[in-house]
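Encoded as structure tokens, the structure appears first; notes follow it.
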Amino acid sequence: MAKWDINLVRNIGISAHIDSGKTTLSERILFYGGKIHAIHEVKGKDGVGATMDFMDLEREKGITIQSACTQVSWKDYTINLIDTPGHVDFTVEVERSLRVLDGAVLVLCGVAGVQSQSITVDRQMKRYGVPRLAFVNKLDRQGANPFRVQEALVDKLKLNAVMFQIPIGLEDKHIGAVDLVEMKAYNFLGDSGEKVTEVPIPADLKEQAEKYRQIMIEKLADVDETIGDKFLMGEMPTVAEIKTATRKAVIALKLVPVLCGSAFKNKGVQLLLDAVADYLPTPAEKKEHGLDLDKNEEKFELFPDDKKPLVALAFKLQDTPFGQLTFMRVYQGKLAKGDFIYNTTTKKSVKIPRVVRMHADKMEDLDSSFAGDIVAMFGIDCASGDTFVHEGHNVSMQSMHVPDAVISLAISPKDKSGANNFSKALQKFRKEDPTFRVHRDEESNETIISGMGELHLEIYVERMKREFNCETIVGAPQVAYRETIGAPAPYDYTHKKQTGGSGQFAKVVGNISPLPADAPETFVFENKVVGGRIPKEFIPAVEEGFKEQCAKGPLIGFPIVGVKVELTDGAYHDVDSSYMAFKICAMAAMREVYQKAKPTVLEPIMKLETTVPEEYQGPATGQINQRRGIIQNTNSIEGNAVIEAHVPLSEMFGYSTDLRSATKGKGEFSMEFSHYTPAPRNIQDELAKKYQEKRAAEQK
């Protein structure tokens with residue numbers, strides 16, 4: 001292995017809307033980087049499948065479910081590459097990958113352009129401040145237009161996206177690209193596009209290339225002083241100056257270079273790899289912070305220096321025949337086989353038995369790994385998101401954003417003999433995936449699994465069967481409703497209980513009111529008690545009581561959100577008052593006042609994007625309207641209608657089957673959670689009635 005030089009390392013991810021060609025692009029990168037010796041397609045006729053989609057389920061469905069990690073060499077550079085899923089149900093895979101990456105390639109379809117999931121991925125990149133390049137893929141397809149995609153990046157994603165290449169030919173005439181930085185044209189020849197040939201810029205493209213190069217320099221002049229000064233003097237910057245300015249602007253998140261090609265037809269991938277090396281940051285250039293747990297979570301900067309104390313983040317777990325594999329990003333210090341490392345979450349020390357470099361599902365053993373690297377370890381028991389350090393250092397990495405689950409299923413093993421495997425599977429999936437949640441419904445005594453969508457849970461049910469040999473019985477999907485209040489209401493409640501010995505006494509007075517719809521919190525407690533009417537030590541008990549009562553609303557049994565509780569007055573007894581008495585009093589006060597505050601059921605609304613051939617636009621729109629959908633926008637792209645709508649999740653079950661039958665299998669859709677909104681009165685009454693019937697049946 002070459003000597004580790006952090007300036008020649010790039011940790012990048014490939015993210016995009018489903019079916020934009022991420023895995024196909026990753027396959028080409030592996031081939032040109034010398035990692036594989038033949039290219040396989042995602043849904044290839046050879047039955048092999050793409051290298052990065054190594055799960056059987058991924059190969060059968062032709063989608064990426066888990067993010068896969070590998071390392072390739074390109075020229076002098078070492079590139080750690082993560083291919084992430086595009087399907088919104090596996091959004092946490094994208095989230096956790098972007099958390100540990102220094103740069104990313106946003107892949108866009110040359111025909112469809114910016115789609116709903118591209119918007120989500122862009123939001124995730126912005127959340128973690130990830131510099132990115134845009135790669136407009138599929139330019140061999142009919143209707144491809146990279147210039148329209150670049151405009152959409154500016155309009156829809158508000159990115160300063162600038163063409164750094166223009167294509168030579170489109171659709172079936174697409175053969176290469178003109179690099180606007182060096183003003184050179186390239187064709188990609190050979191069976192797998194491995195021969196990159198420099199050719200003169202075609203005469204019919206010279207004027208267009210000059211025009212777009214001028215725009216590129218103007219955009220750079222806006223964000224870089226050196227180029228700006230030259231531009232004002234009417235001088236032409238050198239290639240080196242353009243590259244330096246671009247690199248600075250990309251890392252500062254001020255610019256997104258747009259590159260183009262067709263991964264499937266092996267065009268443009270090598271130029272993309274050059275751009276990754278030229279413009280995306282090294283691990284030292286992407287600023288990362290840790291939290292010092294001894295200093296009240298004070299932020300401090302991490303430096304990718306091997307001499308400093310270790311800080312590493314476990315960002316992904318994977319089960320293998322050899323045991324749990326833990327993917328680690330080393331931010332500071334170094335990890336070596338046989339080292340003792342300390343988990344700041346579990347407060348346990350463990351010895352590293354084995355460090356490996358992953359290549360999809362293959363691995364290579366390492367003795368040690370250095371700051372800035374992404375490796376995997378065996379034999380470490382931890383959860384996703386745990387921080388590891390050398391003992392004596394109590395620091396942690398900021399945790400990643402985990403979205404709320406929107407759908408639940410009741411699940412149980414088919415045979416009693418499968419109960420052991422069933423609980424093993426649930427425990428393992430829960431550790432692997434923070435968006436997969438499991439709880440026991442106390443009333444019905446059922447095991448409930450919750451996740452990001454139908455496909456998300458379907459995949460886990462299928463994995464239980466295959467990996468754990470456990471057949472299951474699955475109940476009807478349950479939507480994650482919420483309850484809230486529609487009006488303010490006062491409460492005044494006294495809790496008195498007199499038994500032998502000391503009794504219980506507490507009194508609370510105040511108001512509850514709805515929080516604004518855009519409030520980040522779901523529950524706010526304000527203490528306005530003066531003059532010691534309630535002793536300070538009992539105030540947390542009141543807050544806890546109200547909070548606990550909000551965990552399960554009396555209307556339909558779902559959590560109550562969007563509530564502000566004000567405590568203004570109360571009373572206590574020197575002997576009979578206690579923490580427990582005030583907590584019970586607050587819970588009872590919430591139950592009593594809730595009915596006066598206009599309780600309302602909130603239902604999850606999904607952002608739906610449906611793409612159908614134009615002749616099926618009528619039936620597709622009709623289906624959305626029937627499902628209580630509200631059309632937000634309709635676009636026409638190259639013979640296809642793209643319908644954007646907001647639809648209640650409860651109406652979306654079975655939609656894929658209906659859409660396929662209405663469009664003869666040509667319609668496709670993607671869906672993600674958008675927001676909560678009050679449910680119509682008839683649906684609210686129906687849900688409340690069902691809940692009361694269920695409770696009555698359980699009490700018998």
Side-chain angles (χ1 to χ4, degrees), residues 9-15 22 26 52 55 64-71 79-85 90-104 121 124-125 127-130 281 283 286-291 302 304 310-320 323-335 341-346 350 352 354-361 363 366 369-389 395-403 428-436 452:
V9 176
R10 301 288 181 272
N11 292 319
I12 66 158
I14 294 187
S15 307
K22 293 178 300 300
S26 301
M52 300 294 258
M55 277 171 75
T64 303
I65 292 169
Q66 289 189 333
S67 43
C69 191
T70 190
Q71 188 182 77
I79 298 175
N80 283 316
L81 171 76
I82 298 185
D83 171 29
T84 61
F90 310 108
T91 191
V92 73
E93 287 286 336
V94 185
E95 196 82 42
R96 66 166 125 224
S97 301
L98 290 174
R99 172 71 190 82
V100 298
L101 292 170
D102 303 322
V121 168
Q124 289 170 319
M125 287 181 187
R127 184 180 292 135
Y128 298 113
V130 179
K286 171 103 178 350
K287 296 281 178 268
E288 279 293 346
H289 292 88
L291 304 173
L302 294 168
L310 170 76
V311 178
L313 179 73
F315 68 95
K316 176 178 164 56
L317 309 180
Q318 196 177 306
D319 207 45
T320 72
Q324 181 178 300
L325 185 63
T326 306
F327 284 86
M328 300 283 256
R329 163 74 199 258
V330 186
Y331 283 101
Q332 189 174 279
K334 76 183 222 193
L335 269 178
I341 54 174
Y342 177 71
N343 184 333
T344 58
T345 311
T346 62
V350 283
I352 306 173
R354 192 177 170 199
V355 181
V356 294
R357 158 104 47 243
M358 291 307 294
H359 170 48
D361 58 342
M363 60 193 77
L366 301 173
S369 82
F370 302 95
D373 206 355
I374 293 176
V375 290
M377 296 189 303
F378 274 108
I380 302 283
D381 185 39
C382 66
S384 190
D386 286 0
T387 304
F388 286 90
V389 294
V395 301
S396 169
M397 295 295 293
Q398 278 178 305
S399 58
M400 62 176 195
H401 169 78
V402 178
K428 179 191 155 233
F429 297 155
R430 209 159 140 189
K431 264 172 100 174
E432 254 181 42
D433 180 352
T435 57
F436 179 78
M452 302 307 296

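The basis for the numbers below is simple: all heavy atoms, side chains too, and nothing from hydrogens, waters or symmetry mates.
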Just so I know, are the side chains of [X] and [Y] near enough to count as touching, which here means a heavy-atom distance under 4.5 Å?
{"X": "Asn11", "Y": "Pro283", "answer": "yes"}
{"X": "Phe370", "Y": "Val330", "answer": "no"}
{"X": "Ile12", "Y": "Leu101", "answer": "no"}
{"X": "Met377", "Y": "Arg354", "answer": "no"}

Q: Using a strict 4.0 Å threshold on nitrogen-to-oxygen distance, state whether Asp373 and Arg357 make a salt bridge.
A: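 Looking at Arg357 together with Asp373, the answer is yes, because their closest N to O distance falls below 4.0 Å.
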Q.
My understanding is that only residues two or more places apart in sequence, or in another chain, count here; which of them pass side-chain contact (heavy atoms from CB on, under 4.5 Å) with Val395?
A.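 For Val395 the side-chain contact (heavy atoms from CB on, under 4.5 Å) partners, ignoring immediate neighbours, are Phe300, Val311, Val389.
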**Q.** Qualifying residues under side-chain contact (heavy atoms from CB on, under 4.5 Å), relative to Val350, sequence neighbours excluded
**A.**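 With neighbours one apart ignored, the set is Ile341, Ile380, Phe388.
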Measure the spacing between [atom1] of [X] and [atom2] of [Y] and express it to the nearest 0.5 Å.
{"X": "Leu81", "Y": "Ile14", "atom1": "CG", "atom2": "CD1", "answer": "4.5 Å"}
{"X": "Thr326", "Y": "Phe378", "atom1": "OG1", "atom2": "CZ", "answer": "9.0 Å"}
{"X": "Leu310", "Y": "Lys334", "atom1": "CG", "atom2": "NZ", "answer": "11.5 Å"}

Q: Verify, without hydrogens or angle tests, whether Arg10 (side chain) and Ile79 (backbone) share a donor-acceptor contact under 3.5 angstrom.
A: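 Between the backbone of Ile79 and the side chain of Arg10 there is no qualifying donor-acceptor contact (under 3.5 Å).
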Q) Would Leu335 and Ile352 count as a side chain to side chain contact (heavy atoms under 4.5 Å, CB included) if you check the C-alpha gap in whole Å, the side-chain angles of each, and the deciding distance to 0.1 Å? A) CA-CA 9 Å; Leu335 269 178; Ile352 306 173; 3.3 Å; yes
Q. Do the ring planes of Phe429 and Phe436 sit parallel (below 30°), tilted (30 to 60°) or perpendicular (above 60°)?
A.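 Answer is perpendicular, since the angle exceeds 60°.
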Q) What's the shortest heavy-atom distance between Val9 and Gly372, and which atoms? A)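 Answer, listing the atom of Val9 first, then Gly372: CG1-O, 4.1 Å.
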Q.
Once salt bridge (Lys or Arg N to Asp or Glu O under 4.0 Å) is applied, do any residues pair with Asp386, and if so which ones, sequence neighbours excluded?
A.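 Testing Asp386 for salt bridge (Lys or Arg N to Asp or Glu O under 4.0 Å), a comparison that skips the adjacent residues, returns none.
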Q) Got a sec, which residues hit side-chain hydrogen bond (donor to acceptor under 3.5 Å, both in side chains) with Ser369, two or more places apart in sequence or on another chain? A)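 Per chain and number, Ser369 pairs via side-chain hydrogen bond (donor to acceptor under 3.5 Å, both in side chains) with no residue.
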Q.
Ring of Phe327, cation from Arg329 - is the NZ or CZ under 6.0 Å from the centre and inside 45° of the axis?
A.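 Negative - Arg329 is either too far from the ring of Phe327 or too far off its axis.
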